[in-house]
Amino acid sequence: MALDTARLASELDSIIADLPATVTFGSSTFSAAITMGTVGSDIAEGGFLPSRDIGLHCKADATTAAVKVGSKLSVVSQGATKTYRVASIERSPCGQEYIFSCQSPSR
């Protein structure tokens with residue numbers, strides 16, 4: 001069975017439209033979908049610090065800058081801007097999508 005890349009691209013567009021976020025890395029801005037999120041606390045000197053983890057799905061051709069593990073991204077979603085650090089990067093089997101797993105920059 002052949003991979004229907006047009007259908008996969010359409011589905012990714014729908015996910016981004018339903019769960020929108022605007023991501024800025026350096027001078028590059030692209031659209032993504034936030035597909036998971038957890039909120040917790042990490043122990044640090046002086047007490048607990050709030051932590052957040054999210055997953056970002058974006059079109060591979062939408063990222064014009066070379067995002068790497070450790071890069072900091074500014075994410076705007078639902079009117080709030082937060083900064084995250086990229087913990088891992090996956091590329092979908094079809095090659096059309098990047099999945100950035102991100103954490104609070106303090107982690």
Review point. Between the side chain of S92 and the main-chain N/O of E97, is any donor-acceptor distance below 3.5 Å?
Key: yes

Practice item. Decide whether V86 and Y98 are clustered together by the hydrophobic rule: side chain heavy atoms of Ile, Leu, Val, Met, Phe, Trp, Tyr closer than 4.5 Å, transitively. Key: yes

Study note, to complete from the structure: Residues P20 and S77: closest non-hydrogen pair is O-OG, 3.5 Å

Check your understanding: Are H57 and L12 side-chain neighbours, meaning at least one heavy-atom pair lies under 4.5 Å?
Key -> yes

Review point. Salt bridge (charged side-chain N to carboxylate O under 4.0 Å, His left out): which pairs involve residues 13-30, sequence neighbours left out?
Key: D13-K59

**Study point:** Connected via hydrophobic side-chain network under 4.5 Å: Y84 and I89
**Key:** yes

Check your understanding: Can you check whether C58 reaches V23 side chain to side chain, under 4.5 Å on heavy atoms?
Key -> no

Check your understanding: Does the S28 side chain pair with the main chain of T24, one donor and one acceptor, at a distance under 3.5 Å?
Key -> no

Which atom pairs, one a donor and one an acceptor, fall under 3.5 Å between side chains of residues 67-76 and the rest of the protein, sequence neighbours left out?
residue : atom : partner : partner atom : Å
S71     : OG   : K68     : N            : 2.9
S71     : OG   : K68     : O            : 2.9

Review point. Can you find a pair of side-chain heavy atoms, one from T22 and one from T29, that are under 4.5 Å apart?
Key: yes

Review point. So how far is it from I34 CD1 to I54 CD1, rounded to the nearest 0.5 Å?
Key: 4.5 Å

Point to revise | Where I15 and A33 come nearest, the two heavy atoms and their spacing | key: CG2-CB, 3.6 Å

**Study point:** Minimum-distance pair of heavy atoms, taken over all atoms of P105 and R85
**Key:** CA-CB, 4.2 Å

Review point. CG/D61 to CZ/F30 distance, rounded to the nearest 0.5 angstrom?
Key: 11.5 Å

**Study point:** Point-to-point distance, once rounded to the nearest 0.5 Å, from CZ of F100 to OG1 of T35
**Key:** 12.0 Å

